[in-house]
Amino acid sequence: MKSLSRISPRLRVPAAATVVLAVAAGGLLASDHKDGPITTENPAIDIADVYAFVSPTNRDNLVLVMNVHGFIPPAEAGAVSFDSRLLYEFKIDTNGDAVEDRVIQAHVTGAGTGQTIHFRAPAAPRMAGTTSEMLSGGGMVSVPFTSTGEARTARGGGMTAFAGVRDDPFFFDFARYQQIVGGTADAFREPGMDTFAGTNVLVMAVEVPVASIGGGARLGVWGTISRPGGARVSKDAGGGGARYHQVDRGGVPGNAVVFIPKPQVPDYNRAAPSGDRRDYRDEVVARLMEFGQTREGANRIADMVLPDLLTIDTSRPTAYPNGRAPADDVITANLMTVFGTNAKLNDDHVDANDKAFTGAFPFLAAPHTR
């Protein structure tokens, strides 16, 4: 990642609590898209975004979405698939200590677009932290992979599940942002241009009753991807007794991209949120002060973005930062946090996704195919 401390002096500004994009040497980084060398090498390991929101069709339910493998072009929408050697997990903290009390695990069988994705209902993990074991027993639902067209969903084990290719719901005029931080522009254009329009992602999504999670209405949510054994993937997920080691995580949009120096990103992605304030707070505060924040302001923002998880009170309507729904304009919210009344910089003028969201689970638009 190109250091944001090199922003043109006449344009240098404070970083937002969760400004989600930065300029990357040799490529584009968006939200958490391709935020480290391992995830760039294997896009199936890369978590792009995580969403947690109260279901629009049943206020007693929580919807969790994990998007991986960003920037899938339309021509490849029918050709990409998940990596069957990996373990995907939604981790849920029910008591505010940034340690998972419940997990929803997913693993993949089959190959290509003939894959089946198996989700296990919320349950206590066998071990907390960055090493996981596959759960057994309890409710489970299996859903066929959706490559194009209408979403195929399945219900079982108290859950509704989806897995497959969808339109990338993230929206932002990244190209203009790149010009601003590079010193060749001093304002967002109006109207803005969505850099992510026309691209797709792989999606895993579940809808579960809040009551099945336990612990009350206030939850912390993050997603992880883990692989078995040591440094290299060794076998299919689902093997009995195998231990899986975390290689990527996602919670607050863009934390790894904006605040963590590129050499430290792999370690950050392998870390647990319970240690974030201990291990990364000084780094985040220092980076914010480089961007022009006072120490007081930097400390306040650091406490907002760490630990790296989404917080949601399910008794209230979802509106970022109370959870995150696909339609939430997180960029404008973040820019307003940074720039206040500065009309040149407090809105990227991309206010919605390029495709309309659907009114039924998984609530995401069909993929672009041309």
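Index from 1, following the sequence.
H245 places no side-chain N or O within 3.5 Å of a backbone atom of T130 that could act as its donor or acceptor partner. R152 contributes a side-chain N or O that, together with a main-chain N or O of F145, makes up a donor-acceptor pair within less than 3.5 Å. With R249 contributing its side chain and A271 its backbone, the two residues share a donor-acceptor pair below 3.5 Å. N322 contributes a side-chain N or O that, together with a main-chain N or O of P317, makes up a donor-acceptor pair within less than 3.5 Å. Checking side-chain atoms of D276 against main-chain N and O of L306 turns up no donor-acceptor pair under 3.5 Å. Between the side chain of Q105 and the backbone N or O of L135 there is at least one donor-acceptor pair closer than 3.5 Å. A distance-only check finds no donor-acceptor pair linking the side chain of S81 to the backbone of T113 [under 3.5 Å]. Remark: the backbone N or O of V54 is paired with a side-chain donor or acceptor of T318 at under 3.5 angstrom. Remark: the backbone N or O of V350 is not paired with any side-chain donor or acceptor of D173 at under 3.5 angstrom. The closest donor-acceptor contact from the side chain of R277 to the backbone of D303 lies under 3.5 Å.
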Query raised in the report: Where do F82 and Y88 land on the ring-ring contact (aromatic ring centres under 6.0 Å, His included) test, with the steps shown first?
Result: CA-CA 10 Å; F82 293 105; Y88 302 82; 5.7 Å; yes
Report task. I would like to know whether T94 and L219 meet side chain to side chain contact (heavy atoms under 4.5 Å, CB included); could you show each step before the answer? Result -> CA-CA 5 Å; T94 64; L219 305 171; 4.0 Å; yes
Requested in this report: Report the C-alpha separation of V203 and V65 in whole Å, then their side-chain angles, then the decisive distance to 0.1 Å, and conclude whether the side chain to side chain contact (heavy atoms under 4.5 Å, CB included) test is met.
Outcome: CA-CA 7 Å; V203 174; V65 176; 3.9 Å; yes
**Report entry** Worked verdict on F196 versus F174 for ring-ring contact (aromatic ring centres under 6.0 Å, His included)
**Finding:** CA-CA 8 Å; F196 302 92; F174 174 74; 7.1 Å; no
Query raised in the report: Between Y268 and D279, does a side chain to side chain contact (heavy atoms under 4.5 Å, CB included) hold up when you go through it step by step?
Result: CA-CA 9 Å; Y268 182 85; D279 297 333; over 6 Å; no
Report task. Take K355 and H368 through the side chain to side chain contact (heavy atoms under 4.5 Å, CB included) test and state the conclusion after the steps. Result -> CA-CA 9 Å; K355 296 185 75 173; H368 301 270; 3.3 Å; yes
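Side chain to side chain, Y280 and D308 fail the donor-acceptor criterion of an N or O pair below 3.5 Å. Using modelled atom types and a 3.5 Å distance limit, the side chains of S55 and E207 yield a donor-acceptor pair. Counted by atom type alone, R126 and S136 present one or more donor-acceptor pairs between their side chains at under 3.5 Å.
Taking the side chain as every heavy atom from C-beta outward, P362 and T160 never approach each other to under 4.5 Å. Between F53 and F363 there is a side-chain heavy-atom pair separated by less than 4.5 Å. Within the 4.5 Å cutoff, the side chain of Y320 has heavy atoms near those of the P253 side chain. Looking at L62 and I312, their side chains come closer than 4.5 Å, going by heavy atoms from C-beta outward. Annotation: side chain of I225 is in contact with side chain of M66 (closest heavy-atom distance under 4.5 Å). Residues D329 and F171 have side chains in contact (heavy-atom distance under 4.5 Å, counting atoms from C-beta outward). P367 places none of its side-chain heavy atoms less than 4.5 Å from the side chain of D167. Within the 4.5 Å cutoff, the side chain of R120 has no heavy atoms near those of the V103 side chain.
A298 and M289 make their closest contact through CB-CG, 3.8 Å (heavy atoms, listed as atom of the first residue, atom of the second, distance). The heavy-atom pair separating A106 from M204 by the smallest distance is CB-SD, 3.8 Å. Nearest heavy-atom pair across S132 and L87 is CB-CD2, 3.9 Å. Contact detail for L202 and I72: the closest heavy-atom pair is N-CD1, 3.8 Å. Contact between P228 and R85 at its shortest, heavy atoms only, is CD-O, 3.2 Å. When all heavy atoms are compared, the tightest approach of T146 to G149 is CG2-O, 4.3 Å.
Residue M193 places its CE atom among 12 or fewer non-hydrogen atoms of other residues, nucleotides or ligands, all under 6.0 Å distant. Heavy atoms from other residues, nucleotides or ligands lying under 6.0 Å from CZ of R295 number 12 at most. Other residues, nucleotides and ligands place more than 12 heavy atoms under 6.0 Å from the CZ atom of R189.
Tested against F170 for a side-chain contact (heavy atoms from CB on, under 4.5 Å), the candidates V201, V330, D194 yield a single pass: V330.
With hydrophobic clusters built from ILVMFWY side chains whose heavy atoms lie under 4.5 angstrom apart, M159 shares a cluster with V108. V165 is connected to L86 through a chain of hydrophobic side-chain contacts under 4.5 Å among Ile, Leu, Val, Met, Phe, Trp and Tyr, so both are in one cluster. Residues F119 and V210 are members of one and the same hydrophobic cluster, defined by side-chain heavy-atom contacts under 4.5 angstrom among Ile, Leu, Val, Met, Phe, Trp and Tyr. Under the 4.5 Å side-chain heavy-atom criterion for ILVMFWY residues, no single connected hydrophobic cluster contains both V99 and I92. No path of Ile, Leu, Val, Met, Phe, Trp and Tyr side chains, each step under 4.5 Å between heavy atoms, connects L309 with V247, placing them in separate hydrophobic clusters.
For the atom pair OG1 of T199 and CG of D168, the computed distance is 4.5 Å after rounding to the nearest 0.5 Å. Between the CZ atom of R243 and the OG1 atom of T131 there is a distance of 7.0 Å, given to the nearest 0.5 Å. In this structure, CZ in R176 is found 10.0 Å from CG in L345, a value given to the nearest 0.5 Å. Rounding to the nearest 0.5 Å gives a distance of 5.5 Å between CZ of R218 and CG of D313. Between D348 atom CG and T332 atom OG1 the span is 5.0 Å, to the nearest 0.5 Å. Separation of atoms CZ (F188) and OH (Y177) is listed at 7.5 Å; rounding is to 0.5 Å.
Ion pairing between D83 and R227 fails under the 4.0 Å rule for side-chain N and carboxylate O.
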